[in-house]
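Notes follow the structure.
Counting from 1, the numbers follow the sequence of the chain as shown.
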Amino acid sequence: MIGIADISANDLIRKALEEFGRGFAIATSFQDEGMVLVDMALRISLETRVLTVDTGRLPAATLDMIGIVEQHYGMRVEVARPEAGEVAAMTSRFGMDLFREDTAFRRLCCEVRKVRPLAAIADVRAWAFGLRRGQSESRRDIAQVEEYEGRLKLHPLAAWSKNEVADYVREHAVPRHPLYAAGYATIGCDPCTRAVHAGEDERAGRWWWEQDADKECGIHFSPDGHAERRLDVLLSEVLAAR
Ligand code: SF4
């Protein structure tokens with residue numbers, strides 16, 4: 001799959017299902033892009049795995065989406081959670097809201113609460129995420145298929161525009177996260193996401209206090225050497241304190 005030129009999102013999902021079956025999963029936080037993938041994949045096969053991570057800091061409306069999606073499609077969403085000992089070690093050492101401290105602490109929180117719970121799902125060989133190249137500078141060059149820590153990471157909507165996503169959602173009556181109606185352009189953890197103002201960039205509602213980072217959580221980001229070393233040090237402190 002790696003190296004193939006962009007193909008349609010539907011074809012890529014179909015190929016992934018044929019090749020990996022239950023070893024393929026859609027990972028979503030129920031934003032429109034993720035929901036397009038969920039809808040497309042479940043139209044191909046109701047056996048498609050849909051996974052989300054309950055970080056422990058999600059807005060109530062995101063948790064409500066789990067039930068909404070299950071009822072709409074007649075399937076179960078798999079919910080991954082961070083390891084309780086790691087969260088306790090991190091928050092007792094660095095505080096509940098450590099992510100306000102600086103970018104390294106924010107990435108540590110994302111690592112413990114989001115990245116590691118997904119990585120721990122050992123039987124997934126290929127993931128699909130709803131990233132688009134048009135969402136931000138840091139996503140401008142994403143490949144539709146890439147390898148990440150021994151698994152495939154698929155971005156079926158890499159070439160899609162925001163309008164194409166909106167059209168699909170409308171035409172297929174895809175369930176929408178309620179926070180869009182409150183002015184959110186992107187939806188993540190409660191303390192790290194806010195509504196955006198007119199004219200602001202789509203990603204401006206995430207970690208808005210950071211000026212020096214590319215607003216990615218680690219699932220979609222390869223830190224530079226310095227950031228990676230600092231994250232490694234902080235993470236090893238947390239893991240040692242479990
Ligand atoms: Fe922690 Fe915020 Fe990342 Fe959620 S988005 S895991 S609260 S830093």
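In terms of the salt bridge (charged side-chain N to carboxylate O under 4.0 Å, His left out) criterion, E18 has no residue partners (sequence neighbours excluded). Every side chain to side chain contact (heavy atoms under 4.5 Å, CB included) that N163 has, sequence neighbours left out, goes to S161. Residues passing the ring pair (Phe, Tyr, Trp, His ring centres under 6.0 Å) test with H72, sequence neighbours excluded: none. In this structure, Y73 has no ring pair (Phe, Tyr, Trp, His ring centres under 6.0 Å) partners at least two apart in sequence or on a different chain.
The main-chain N or O of L42 is never found under 3.5 Å from a side-chain atom of S45 such that the two would form a donor-acceptor pair. With hydrogens and angles ignored, the 3.5 Å screen pairs no side-chain donor or acceptor of W160 with any backbone N or O of G134. With hydrogens and angles ignored, the 3.5 Å screen pairs a side-chain donor or acceptor of R113 with a backbone N or O of T55. The backbone N or O of T28 lies less than 3.5 Å from a partner atom in the side chain of T52, making a donor-acceptor pair. With hydrogens and angles ignored, the 3.5 Å screen pairs a side-chain donor or acceptor of D102 with a backbone N or O of F105. Within the 3.5 Å criterion, the main-chain N or O of L239 finds no donor-acceptor partner in the side chain of E86. At distances below 3.5 Å, not a single donor-acceptor pair connects side-chain atoms of E83 with backbone N or O atoms of P117.
The environment of CZ in R100 is crowded: more than 12 heavy-atom neighbours from other residues, nucleotides or ligands sit within 6.0 Å. Within 6.0 Å of atom CD in Q71, 12 or fewer heavy atoms from other residues, nucleotides or ligands are found, so the atom counts as exposed in its surroundings. Summarising the local packing, CZ of R125 is surrounded by 12 or fewer heavy atoms from other residues, nucleotides or ligands at distances under 6.0 Å.
Salt bridge R106/E210: present, at least one basic N to carboxylate O contact under 4.0 Å.
A side-chain N or O of S29 and one of Q31 form a donor-acceptor pair less than 3.5 Å apart.
Taking the six-membered ring where tryptophan is involved, the planes of F129 and H155 are tilted, since the angle between them lies from 30° to 60°.
Listed by first and then second residue, the side-chain hydrogen bond (donor to acceptor under 3.5 Å, both in side chains) pairs involving residues 89-98 are R57-D97, R93-E237 (not counting sequence neighbours). Residue pairs that meet the salt bridge (charged side-chain N to carboxylate O under 4.0 Å, His left out) test with at least one member in residues 23-34, sequence neighbours left out, are D32-R176, E33-R132.
When each of Q135, R139, R140 is checked for a side-chain hydrogen bond (donor to acceptor under 3.5 Å, both in side chains) with E137, only R140 meets the rule.
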